[in-house]
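This report refers to the structure that appears directly beneath it.
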Amino acid sequence: VDSKQGCKIDLVFSTQSYNQEEGEKHLGNCSAHVFFKNEKPRPAINITCTRSIEKKKRQEDDYLLYKQLKQLKNPLKAANIPDSHGHIDPSLRPIWDLAFLGSSYVMWEKTTPFLHYNLVRLTSVKQWKTNDTIDFDYTVLLHELPTQEIIPCRIRLVWYPGKPLKVKYQCQELQTLEESSGTVEGSAESTELSNI
Amino acid sequence: MQGLLVFTLLLGVAFGHEDFVGHQVLRISAADEAQVQKVKELEDLEHLQLDFWRGPTRPGSPIDVRVPFPSVQAVKVFLESLGIEYRIMIEDVQSLLDEEKEQMLISNARASVRSTDAFNYATYHTLEEIYEFIDLLVSENPQLVSKIQIGNTYEGRPIYVLKFSTGGNNRPAIWIDTGIHSREWVTQASGVWFAKKITEDYGQDPVFTAILDNMDIFLEIVTNPDGFAFTHSKNRLWRKTRSRTAGSICVGVDPNRNWDAGFATGGSSSNPCSDTYHGKFANSESEVKSIVDFVQNHGNIKAFISIHSYSQLLLYPYGYTTKAAPDKEELDQLAKSAVTALASLYGTKYKYGSIITTIYKASGSTVDWTYNQGIKYSYTFELRDTGANGFLLPASQIIPTAKETWLALLTIMEHALNHPY
């Protein structure tokens, strides 16, 4: 670690299926090199994973998710997912999954060697009516550590299977009234949702 | 709160089927006449569809306005660009309405639970329900359990501790507290389960019976009652106490930074608006002072366990300094045994170590103070999970969490019994 330049971390980890129905099925292994330049947020990440799900299956899973989202009451409006008791209605699960993906980009952009985040809750969800893409406005609450603060962020997410994910966000830092905001466009590879 | 409930009810009734998803209610503090004028200008912009619950009158008088979802960003930007202070009173009007409707249905439908056997341990409860449970448990087990009031909260609520004792006079004792941070709901829920478990296992389980035959157990289930009530009524993610700080609009002190151990020496915040605000001085919070007084008056507590969530960790002192605790070796070994016992039930993995090396520097924390008082077995738990659900742990995980944690607690209690000091 060269503290003048930045902070480097090498990681090795395994992945498992995010889908609750499939249980904790081991999927593959990854190794990653994470570099924070000058303790700034949005570390550079180089990651390679052993391919564990075939491309065809991934595409199928993506289209399944896409269909589920298209089938919801359109345009969807919802709030407080999960509720105070930690419960998510099964029909709203796809919303949570997509929001989690979008939020993970936001958290990546905000993470520094000293601050990290967890997604707590979607406080509101509003879907935009479109012909093709999945297009949502969310507000989320992020739990910031070690400050313990709860940070609200507004996220706009646009997704179409096979295309890069688009995330626009604006977070409100309570104490300083600073805002962090940005636009992220994911690569098709890293955002195929079946890997989650 | 009553006024708010009436207001929102009227709102719901008056507007019938209109929905308020994403609508926020902001409380604006106009500092001077110029700012008041600006807010009045806002009132005139009809397309924003603002609904003033308390209109702009004069500086210093709060202005409450319901802002429809599409206008929220614009209004906030407007206020912020003019330096007009505001805070979000209601984050989502619709969800508040829905929750209150639900609460009313539930309280109308629910009859009071008649016995602790009929109590539902697999769901989260309100403060009233937990206090009812406590009274029931005492009345069902008068020989074993008694309720002690150790003080009052900032807002005047009683603070209760359950004493489990099979006799003796000021026997060496074990202290367990849950819910010091009010949003960590799985901890209060686990505390309720522990209370019941104690009454079930005494006389049945030989290991536990030996413990309670020789030591007393003190259990404080709701260590931060004001905060807990607030997580039910207004903000599910409230952490601190609800004390007012002179000179600040922000409320509450972090009760796990308010203890007299390295108080305010880094690892806590001096900003009253921060979630780790340490307070104006150590023990400023009655919720903390009550325990301090109790511990010092008792004088014979041998193990002190403070329970939090989340992260799945078992921690021992220190948090305020990197200097190793004199009993580090023993505490580390015992922690290892405890997390092994915990994992034996469902495979739940815990990490362990001192606070400062395992999570971060935290000063003024509970177990640093209790350890410095001479209570060797001072531990902090962070229960399930590791972030996927965090504070909003599904109720279905309450009992599994309580069960596995109990095995760790037994390990610590047994060790304390067999290693008197």
Side-chain angles (χ1 to χ4, degrees), chain A residues 16 18 20 24 75-89 96-97 100 103-104 107 114-128 137-152 154 156 168 170 172-179 181 196, chain B residues 19-24 69-70 72-73 76 80 83 85 87-88 91-96 98-99 102 123-124 181 183 185-186 231-232 235-240 250 254 256-257 267 269 271 273-276 310-311 359-362 385-398:
Chain A
Q16 64 191 27
Y18 181 81
Q20 306 237 311
E24 284 187 12
L76 178 85
K77 270 191 205 167
N80 287 338
I81 303 168
D83 64 17
S84 285
H85 294 220
H87 175 72
I88 301 176
D89 193 282
W96 169 264
D97 290 345
F100 189 80
S103 305
S104 65
M107 292 190 277
F114 312 109
L115 289 175
H116 66 277
Y117 299 87
N118 283 311
L119 176 62
V120 180
R121 181 185 247 184
L122 314 185
T123 46
S124 67
V125 182
K126 188 177 139 82
Q127 181 178 16
W128 297 101
D137 250 314
Y138 299 88
T139 49
V140 300
L141 297 178
L142 302 181
H143 179 210
E144 183 180 81
L145 289 152
T147 60
Q148 293 290 345
E149 299 299 335
I150 303 292
I151 312 288
R154 236 195 108 152
R156 176 80 181 268
K168 270 197 181 141
Q170 195 176 46
Q172 185 189 336
E173 310 291 331
L174 295 166
Q175 292 185 66
T176 57
L177 273 185
E178 247 171 54
E179 273 179 357
S181 62
I196 303 173
Chain B
D19 83 70
F20 300 93
V21 176
H23 292 213
Q24 294 197 340
F69 188 75
V72 166
Q73 274 303 93
K76 286 180 177 174
E80 282 162 23
E85 273 183 39
R87 66 177 178 88
I88 303 169
E91 277 185 50
D92 186 283
V93 175
Q94 188 58 43
S95 67
L96 188 66
D98 291 343
E99 240 179 284
E102 218 184 292
T123 185
Y124 294 110
H181 285 145
R183 60 190 179 198
W185 276 19
V186 72
T231 59
H232 278 276
N235 182 350
R236 171 63 179 81
L237 298 175
W238 189 259
R239 166 183 167 93
K240 302 187 286 183
C250 290
D254 185 344
N256 199 28
R257 300 289 187 281
S269 174
N271 180 349
C273 300
S274 165
D275 257 337
T276 55
Y310 56 92
S311 286
I359 28 172
Y360 43 66
K361 182 170 183 184
D385 56 17
T386 52
N389 296 284
F391 302 122
L392 305 183
L393 194 71
S396 55
Q397 291 197 43
I398 294 172

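What's counted below: heavy atoms across the whole structure, side chains too, no hydrogens, waters or symmetry copies. Just so it is clear: chains get the letters A, B, ... in the order the sequence lines come, proteins before strands, and each one is counted from 1. Treat the numbers as computed from the prediction; the structure is a model and nothing was measured.
To the nearest 0.5 angstrom, B/F69 atom CZ is 5.0 Å from A/D137 atom CG. Rounding to the nearest 0.5 Å places CG of B/D92 at 7.5 Å from OG1 of A/T139. Interatomic distance, A/R121 CZ to B/R236 CZ, rounded to the nearest 0.5 Å: 7.0 Å.
Both the backbone and the side chain of A/H85 come within contact range of chain B, judged by heavy atoms closer than 4.5 Å. With a threshold of 4.5 angstrom between heavy atoms, A/I88 does not approach chain B through any atom at all. Neither the backbone nor the side chain of B/R87 comes within contact range of chain A, judged by heavy atoms closer than 4.5 Å.
Side-chain contact check for A/S84 versus B/Y124: every heavy-atom pair is 4.5 Å or farther apart. Taking 4.5 Å as the limit, every side-chain heavy atom of A/Q148 sits out of range of all side-chain heavy atoms of B/H181.
Under the rule for a salt bridge (Lys or Arg N to Asp or Glu O under 4.0 Å), A/D83 has no partner lying at least two apart in sequence or in another chain.
Heavy-atom pairs under 4.5 Å with chain A were tallied for B/K76, B/E91, B/R183, B/K361; the largest tally goes to B/R183.
Across every non-hydrogen atom of A/T147 and B/T276, the tightest pair is O-CG2, 3.5 Å.
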N/O donor to acceptor pairs below 3.5 angstrom from side-chain atoms of residues 388-398 of chain B, sequence neighbours left out:
from, atom 1, to, atom 2, distance (Å)
B/N389, ND2, B/D385, OD2, 3.1
B/Q397, OE1, B/R384, NH1, 3.0

